[in-house]
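Before any comments, here is the structure.
Since the model is a prediction, treat every value here as computed from it, not as a measurement. Throughout, protein chains are lettered first and strands after them, A, B, ... in sequence-line order, and every chain is numbered starting at 1.
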There are 2 protein chains.
Amino acid sequence: MEQHRLDVFQVIADPSRRQILHLLSKDSRTINSLAENFDMSRPAVSKHIKVLYNAGFISIQDIGRERHCVLKQDGFKELQAWLAYYDKFWGDKLDKLGVLMNDKMNKK
Amino acid sequence: MEQHRLDVFQVIADPSRRQILHLLSKDSRTINSLAENFDMSRPAVSKHIKVLYNAGFISIQDIGRERHCVLKQDGFKELQAWLAYYDKFWGDKLDKLGVLMNDKMNKK
DNA sequence: ATGATAGGTAACCTTTAAGTTACTCAAATG
DNA sequence: CATTTGAGTAACTTAAAGGTTACCTATCAT
(Lines give C-alpha, C1' and ligand atoms only; values in the text may rest on other atoms or scores of the structure.)
Protein backbone atom coordinates (compact mmCIF):
# COMPACT_ATOMS: atom_id res chain seq x y z
CA MET A 1 0.00 0.00 0.00
CA GLU A 2 2.75 2.33 1.04
CA GLN A 3 1.90 5.34 -1.11
CA HIS A 4 -1.51 6.50 0.05
CA ARG A 5 -2.07 9.17 -2.57
CA LEU A 6 -4.05 7.25 -5.13
CA ASP A 7 -6.49 9.03 -7.38
CA VAL A 8 -10.19 8.32 -7.00
CA PHE A 9 -10.23 5.85 -9.88
CA GLN A 10 -7.53 3.70 -8.36
CA VAL A 11 -9.22 3.96 -4.99
CA ILE A 12 -12.45 2.36 -6.14
CA ALA A 13 -10.62 -0.17 -8.30
CA ASP A 14 -10.09 -2.35 -5.24
CA PRO A 15 -13.06 -4.63 -4.39
CA SER A 16 -12.34 -4.52 -0.66
CA ARG A 17 -12.46 -0.74 -0.65
CA ARG A 18 -15.74 -0.78 -2.57
CA GLN A 19 -17.12 -3.16 0.01
CA ILE A 20 -15.99 -0.89 2.80
CA LEU A 21 -17.84 1.96 1.15
CA HIS A 22 -20.90 -0.23 0.85
CA LEU A 23 -20.78 -1.16 4.52
CA LEU A 24 -20.43 2.49 5.44
CA SER A 25 -23.47 3.31 3.33
CA LYS A 26 -25.46 1.23 5.80
CA ASP A 27 -23.91 2.49 8.99
CA SER A 28 -21.05 4.39 10.52
CA ARG A 29 -18.37 1.95 11.66
CA THR A 30 -15.10 1.67 13.49
CA ILE A 31 -12.02 0.05 11.98
CA ASN A 32 -12.45 -3.20 13.90
CA SER A 33 -16.14 -3.34 13.14
CA LEU A 34 -15.20 -3.10 9.47
CA ALA A 35 -12.42 -5.65 9.72
CA GLU A 36 -14.85 -8.25 11.06
CA ASN A 37 -16.45 -8.38 7.63
CA PHE A 38 -13.27 -9.31 5.81
CA ASP A 39 -10.87 -12.17 5.56
CA MET A 40 -7.92 -9.85 5.71
CA SER A 41 -6.13 -8.64 8.79
CA ARG A 42 -7.01 -5.46 10.60
CA PRO A 43 -3.85 -3.64 9.49
CA ALA A 44 -4.87 -4.28 5.91
CA VAL A 45 -8.26 -2.69 6.56
CA SER A 46 -6.53 0.14 8.33
CA LYS A 47 -4.52 0.89 5.21
CA HIS A 48 -7.58 0.83 3.01
CA ILE A 49 -9.21 3.28 5.35
CA LYS A 50 -6.27 5.62 5.00
CA VAL A 51 -6.51 5.40 1.22
CA LEU A 52 -10.24 6.09 1.28
CA TYR A 53 -9.71 8.97 3.66
CA ASN A 54 -6.96 10.59 1.60
CA ALA A 55 -9.11 10.40 -1.51
CA GLY A 56 -12.06 12.06 0.20
CA PHE A 57 -14.40 9.07 0.32
CA ILE A 58 -14.74 8.99 4.08
CA SER A 59 -14.33 11.23 7.08
CA ILE A 60 -13.17 10.00 10.45
CA GLN A 61 -14.16 11.05 13.93
CA ASP A 62 -11.92 9.89 16.74
CA ILE A 63 -13.82 9.00 19.89
CA GLY A 64 -11.43 7.88 22.56
CA ARG A 65 -9.42 5.09 21.08
CA GLU A 66 -12.02 4.36 18.43
CA ARG A 67 -12.10 5.75 14.91
CA HIS A 68 -15.57 6.17 13.52
CA CYS A 69 -15.71 6.18 9.73
CA VAL A 70 -18.47 7.89 7.78
CA LEU A 71 -19.03 8.28 4.05
CA LYS A 72 -18.00 11.60 2.57
CA GLN A 73 -19.19 12.91 -0.76
CA ASP A 74 -16.02 14.55 -2.09
CA GLY A 75 -14.48 11.44 -3.60
CA PHE A 76 -17.69 10.49 -5.33
CA LYS A 77 -18.03 13.92 -6.88
CA GLU A 78 -14.87 13.48 -8.91
CA LEU A 79 -16.25 10.26 -10.32
CA GLN A 80 -19.59 11.82 -11.05
CA ALA A 81 -17.90 14.64 -12.92
CA TRP A 82 -15.94 12.16 -15.02
CA LEU A 83 -19.02 10.12 -15.84
CA ALA A 84 -21.08 13.22 -16.53
CA TYR A 85 -18.76 14.01 -19.42
CA TYR A 86 -19.59 10.71 -21.06
CA ASP A 87 -23.26 10.97 -20.15
CA LYS A 88 -23.18 14.12 -22.19
CA PHE A 89 -21.48 12.23 -25.00
CA TRP A 90 -24.26 9.66 -25.13
CA GLY A 91 -26.87 12.36 -24.78
CA ASP A 92 -25.42 14.23 -27.75
CA LYS A 93 -25.33 11.07 -29.80
CA LEU A 94 -29.00 10.52 -29.18
CA ASP A 95 -29.72 14.13 -30.04
CA LYS A 96 -27.93 13.73 -33.36
CA LEU A 97 -29.84 10.57 -34.04
CA GLY A 98 -33.00 12.47 -33.30
CA VAL A 99 -32.08 15.18 -35.80
CA LEU A 100 -31.35 12.57 -38.43
CA MET A 101 -34.69 10.90 -37.85
CA ASN A 102 -36.46 14.23 -38.03
CA ASP A 103 -34.79 14.99 -41.34
CA LYS A 104 -35.88 11.66 -42.66
CA MET A 105 -39.42 12.22 -41.50
CA ASN A 106 -39.56 15.68 -43.05
CA LYS A 107 -38.25 14.51 -46.40
CA LYS A 108 -40.77 11.74 -46.43
CA MET B 1 -1.54 -7.02 -18.84
CA GLU B 2 -1.90 -10.70 -19.60
CA GLN B 3 -5.30 -11.30 -18.03
CA HIS B 4 -7.68 -9.15 -20.00
CA ARG B 5 -10.77 -9.78 -17.93
CA LEU B 6 -10.61 -6.81 -15.61
CA ASP B 7 -13.79 -5.41 -14.11
CA VAL B 8 -14.93 -1.96 -15.14
CA PHE B 9 -13.43 -0.33 -12.06
CA GLN B 10 -9.98 -1.66 -12.76
CA VAL B 11 -10.35 -0.76 -16.39
CA ILE B 12 -10.81 2.93 -15.74
CA ALA B 13 -8.22 2.94 -12.98
CA ASP B 14 -5.50 3.25 -15.61
CA PRO B 15 -4.82 6.83 -16.75
CA SER B 16 -3.80 5.75 -20.24
CA ARG B 17 -7.07 3.94 -20.73
CA ARG B 18 -9.02 6.95 -19.52
CA GLN B 19 -7.14 9.07 -22.03
CA ILE B 20 -7.95 6.60 -24.78
CA LEU B 21 -11.62 6.90 -23.87
CA HIS B 22 -11.30 10.65 -23.95
CA LEU B 23 -9.70 10.60 -27.38
CA LEU B 24 -12.44 8.33 -28.62
CA SER B 25 -15.05 10.73 -27.28
CA LYS B 26 -13.73 13.21 -29.85
CA ASP B 27 -13.41 10.89 -32.79
CA SER B 28 -13.32 7.30 -33.92
CA ARG B 29 -9.70 6.15 -34.21
CA THR B 30 -7.49 3.28 -35.29
CA ILE B 31 -4.94 1.67 -33.00
CA ASN B 32 -2.01 3.48 -34.58
CA SER B 33 -3.84 6.77 -34.58
CA LEU B 34 -4.34 6.30 -30.85
CA ALA B 35 -0.74 5.23 -30.24
CA GLU B 36 0.54 8.48 -31.73
CA ASN B 37 -0.84 10.28 -28.70
CA PHE B 38 1.13 8.27 -26.19
CA ASP B 39 4.69 7.71 -25.12
CA MET B 40 4.18 3.99 -24.96
CA SER B 41 4.63 1.48 -27.73
CA ARG B 42 1.86 0.39 -30.05
CA PRO B 43 1.63 -3.11 -28.53
CA ALA B 44 0.95 -1.49 -25.18
CA VAL B 45 -1.90 0.51 -26.67
CA SER B 46 -3.12 -2.62 -28.38
CA LYS B 47 -3.41 -4.36 -25.04
CA HIS B 48 -5.29 -1.46 -23.50
CA ILE B 49 -7.70 -1.63 -26.39
CA LYS B 50 -8.33 -5.27 -25.72
CA VAL B 51 -9.02 -4.52 -22.07
CA LEU B 52 -11.41 -1.71 -22.96
CA TYR B 53 -13.11 -3.91 -25.50
CA ASN B 54 -13.56 -6.85 -23.13
CA ALA B 55 -15.08 -4.57 -20.51
CA GLY B 56 -17.56 -3.10 -22.98
CA PHE B 57 -16.15 0.41 -23.20
CA ILE B 58 -15.50 0.31 -26.93
CA SER B 59 -16.59 -1.51 -30.01
CA ILE B 60 -14.29 -2.26 -32.92
CA GLN B 61 -14.93 -2.36 -36.61
CA ASP B 62 -12.30 -4.02 -38.75
CA ILE B 63 -11.81 -2.30 -42.07
CA GLY B 64 -9.16 -4.12 -44.04
CA ARG B 65 -6.12 -4.27 -41.79
CA GLU B 66 -7.27 -1.30 -39.74
CA ARG B 67 -9.24 -1.52 -36.51
CA HIS B 68 -11.56 1.37 -35.92
CA CYS B 69 -12.43 1.93 -32.27
CA VAL B 70 -15.62 3.63 -31.14
CA LEU B 71 -16.98 4.31 -27.68
CA LYS B 72 -19.61 1.91 -26.42
CA GLN B 73 -21.97 2.63 -23.57
CA ASP B 74 -22.10 -0.75 -21.83
CA GLY B 75 -18.99 -0.31 -19.69
CA PHE B 76 -20.11 3.11 -18.56
CA LYS B 77 -23.49 1.82 -17.50
CA GLU B 78 -22.00 -0.42 -14.84
CA LEU B 79 -20.21 2.57 -13.37
CA GLN B 80 -23.31 4.71 -13.52
CA ALA B 81 -25.26 2.02 -11.68
CA TRP B 82 -22.62 1.88 -8.96
CA LEU B 83 -22.55 5.64 -8.55
CA ALA B 84 -26.33 5.88 -8.66
CA TYR B 85 -26.47 3.85 -5.47
CA TYR B 86 -24.40 6.44 -3.66
CA ASP B 87 -26.20 9.31 -5.34
CA LYS B 88 -29.27 7.86 -3.71
CA PHE B 89 -27.41 7.72 -0.41
CA TRP B 90 -26.62 11.42 -0.54
CA GLY B 91 -30.10 12.19 -1.72
CA ASP B 92 -31.61 10.32 1.20
CA LYS B 93 -29.32 12.12 3.60
CA LEU B 94 -30.54 15.44 2.30
CA ASP B 95 -34.14 14.25 2.53
CA LYS B 96 -33.69 13.32 6.16
CA LEU B 97 -32.13 16.68 6.83
CA GLY B 98 -35.13 18.26 5.18
CA VAL B 99 -37.51 16.31 7.40
CA LEU B 100 -35.58 17.36 10.46
CA MET B 101 -35.73 20.99 9.43
CA ASN B 102 -39.43 20.74 8.72
CA ASP B 103 -40.05 19.26 12.15
CA LYS B 104 -38.15 22.08 13.68
CA MET B 105 -40.11 24.64 11.71
CA ASN B 106 -43.45 23.05 12.64
CA LYS B 107 -42.66 22.89 16.31
CA LYS B 108 -41.68 26.50 16.26
C1' DA C 1 -1.02 -0.33 38.35
C1' DT C 2 -2.25 -4.09 35.20
C1' DG C 3 -4.20 -5.95 31.74
C1' DA C 4 -7.15 -5.78 27.70
C1' DT C 5 -8.60 -3.44 23.73
C1' DA C 6 -8.58 -0.11 19.44
C1' DG C 7 -5.65 1.15 16.37
C1' DG C 8 -1.24 2.66 13.72
C1' DT C 9 3.55 1.62 11.84
C1' DA C 10 7.44 -0.91 9.92
C1' DA C 11 9.54 -4.38 7.36
C1' DC C 12 8.79 -7.76 4.45
C1' DC C 13 6.74 -11.01 0.65
C1' DT C 14 4.01 -12.08 -3.41
C1' DT C 15 1.36 -11.20 -7.25
C1' DT C 16 0.31 -8.90 -11.21
C1' DA C 17 -0.54 -4.87 -14.15
C1' DA C 18 1.89 -2.37 -17.46
C1' DG C 19 5.42 -1.82 -20.11
C1' DT C 20 9.21 -3.47 -23.32
C1' DT C 21 11.38 -5.90 -27.60
C1' DA C 22 11.24 -9.30 -31.12
C1' DC C 23 8.52 -11.86 -34.04
C1' DT C 24 4.60 -13.09 -37.09
C1' DC C 25 0.60 -12.40 -40.06
C1' DA C 26 -2.41 -10.19 -43.32
C1' DA C 27 -3.80 -6.55 -46.10
C1' DA C 28 -2.37 -2.55 -49.12
C1' DT C 29 0.90 -0.55 -52.46
C1' DG C 30 3.68 -0.34 -56.47
C1' DC D 1 5.36 -10.79 -56.53
C1' DA D 2 8.04 -7.87 -53.33
C1' DT D 3 7.60 -4.53 -49.91
C1' DT D 4 5.63 -1.75 -46.71
C1' DT D 5 2.23 -0.99 -43.25
C1' DG D 6 -1.46 -1.99 -39.48
C1' DA D 7 -1.94 -4.80 -35.94
C1' DG D 8 -1.71 -9.11 -32.68
C1' DT D 9 1.24 -12.46 -29.85
C1' DA D 10 4.95 -14.23 -26.92
C1' DA D 11 8.35 -13.89 -23.59
C1' DC D 12 10.33 -11.14 -20.42
C1' DT D 13 11.16 -7.24 -16.86
C1' DT D 14 9.83 -4.00 -13.44
C1' DA D 15 7.25 -1.37 -10.17
C1' DA D 16 3.92 -1.18 -6.98
C1' DA D 17 -0.44 -2.59 -4.79
C1' DG D 18 -2.15 -5.55 -1.37
C1' DG D 19 -1.38 -8.58 1.95
C1' DT D 20 1.16 -10.53 6.11
C1' DT D 21 3.38 -10.63 10.93
C1' DA D 22 5.51 -8.35 14.68
C1' DC D 23 5.69 -4.53 17.43
C1' DC D 24 4.34 0.00 19.46
C1' DT D 25 1.04 3.44 21.49
C1' DA D 26 -2.91 5.11 23.77
C1' DT D 27 -7.23 4.57 26.05
C1' DC D 28 -10.45 2.06 28.87
C1' DA D 29 -11.68 -1.18 32.62
C1' DT D 30 -10.72 -3.54 37.00
Side-chain angles (χ1 to χ4, degrees), chain A residues 1-24 27-70 75, chain B residues 1-24 27-70 72 75 79:
Chain A
M1 208 146 293
E2 316 324 328
Q3 236 34 279
H4 336 279
R5 283 278 157 197
L6 310 180
D7 64 84
V8 289
F9 299 95
Q10 280 180 286
V11 169
I12 62 158
D14 185 278
S16 304
R17 284 196 288 266
R18 288 203 303 278
Q19 203 184 331
I20 290 177
L21 292 177
H22 190 253
L23 287 169
L24 292 178
D27 248 321
S28 160
R29 284 174 182 271
T30 65
I31 308 282
N32 270 335
S33 152
L34 283 169
E36 283 167 12
N37 296 275
F38 294 92
D39 280 344
M40 57 185 165
S41 64
R42 193 194 43 69
V45 174
S46 189
K47 287 181 191 176
H48 282 308
I49 291 297
K50 183 179 280 185
V51 170
L52 288 166
Y53 176 79
N54 285 333
F57 284 91
I58 62 175
S59 61
I60 302 177
Q61 193 189 0
D62 290 1
I63 300 180
R65 59 187 166 178
E66 292 182 335
R67 316 203 75 195
H68 292 262
C69 305
V70 186
Chain B
M1 206 147 292
E2 314 325 326
Q3 238 33 279
H4 335 279
R5 284 276 157 197
L6 310 180
D7 65 83
V8 290
F9 299 95
Q10 278 180 288
V11 169
I12 63 159
D14 185 281
S16 303
R17 284 196 287 265
R18 289 202 302 277
Q19 204 184 331
I20 289 177
L21 291 177
H22 190 253
L23 287 168
L24 291 179
D27 248 322
S28 161
R29 283 173 182 272
T30 66
I31 309 281
N32 270 336
S33 153
L34 283 168
E36 284 168 10
N37 296 273
F38 295 91
D39 280 344
M40 55 184 167
S41 64
R42 192 194 45 69
V45 173
S46 190
K47 288 181 190 176
H48 282 309
I49 292 297
K50 183 179 284 186
V51 171
L52 288 166
Y53 176 79
N54 285 332
F57 282 92
I58 63 174
S59 60
I60 302 177
Q61 195 189 359
D62 289 2
I63 300 179
R65 59 185 169 183
E66 292 181 336
R67 317 201 75 195
H68 293 262
C69 307
V70 187
K72 190 178 166 191
L79 296 170

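For the pair B:Val51/B:Phe57, no side-chain contact is recorded, criterion being any heavy-atom separation below 4.5 Å from C-beta on.
Taking every side-chain heavy atom of A:Arg65 into account, C:dA6 is the closest of C:dA6, D:dA7, C:dG8.
The phosphate of C:dT5 has neither OP1 nor OP2 within less than 4.0 Å of any side-chain N or O from A:Asn32. A sub-4.0 Å separation between OP1 or OP2 of D:dT9 and a side-chain N or O of B:Lys50 is present. B:His48 has a side-chain polar atom (N or O) that falls below the 4.0 Å cut-off from OP1 or OP2 of C:dG19. In this model, the phosphate group of D:dG6 is not approached by any side-chain N or O of B:Thr30 to a distance below 4.0 Å at OP1 or OP2. At C:dG8, one or more side-chain N or O atoms of A:Ser46 fall inside 4.0 Å of OP1 or OP2 (strictly under the cut-off).
Here the side chain of B:Arg17 pairs a donor or acceptor atom with the backbone of B:Gln10 at under 3.5 angstrom.
Considering A:Ile20, A:Ile49, A:Leu24 in turn, A:Leu24 is the only one that fulfils the side-chain contact (heavy atoms from CB on, under 4.5 Å) rule with A:Arg29. With A:Arg67 as the partner, the side-chain contact (heavy atoms from CB on, under 4.5 Å) test is satisfied by one option alone out of A:Asp62, A:Thr30, A:Leu34: A:Asp62.
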Between N or O atoms, less than 3.5 Å apart, protein on one side and nucleotides 20-22 of chain C on the other: list the pairs.
unit_1: C:dT20; atom_1: OP1; unit_2: B:Ser41; atom_2: N; d: 3.3
unit_1: C:dT20; atom_1: OP2; unit_2: B:Ser41; atom_2: N; d: 2.7
unit_1: C:dT20; atom_1: OP2; unit_2: B:Ser41; atom_2: OG; d: 2.5
unit_1: C:dT20; atom_1: O4; unit_2: B:Lys47; atom_2: NZ; d: 2.9

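Between A:Leu34 atom CG and C:dG7 atom C1' there is a gap of 13 Å when expressed in whole angstrom units. A straight line from CD1 of A:Ile49 to P of D:dA17 spans 18 Å, rounded to a whole angstrom.
Of all non-hydrogen atoms in B:Ala13 and B:Arg18, the two that sit nearest each other are O-NH1, 3.2 Å.
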Given the rule in the side chain to side chain contact (heavy atoms under 4.5 Å, CB included) test, do B:Leu21 and B:Ile58 qualify, once you have shown the distances and angles that lead to the verdict? CA-CA 8 Å; B:Leu21 291 177; B:Ile58 63 174; 4.2 Å; yes

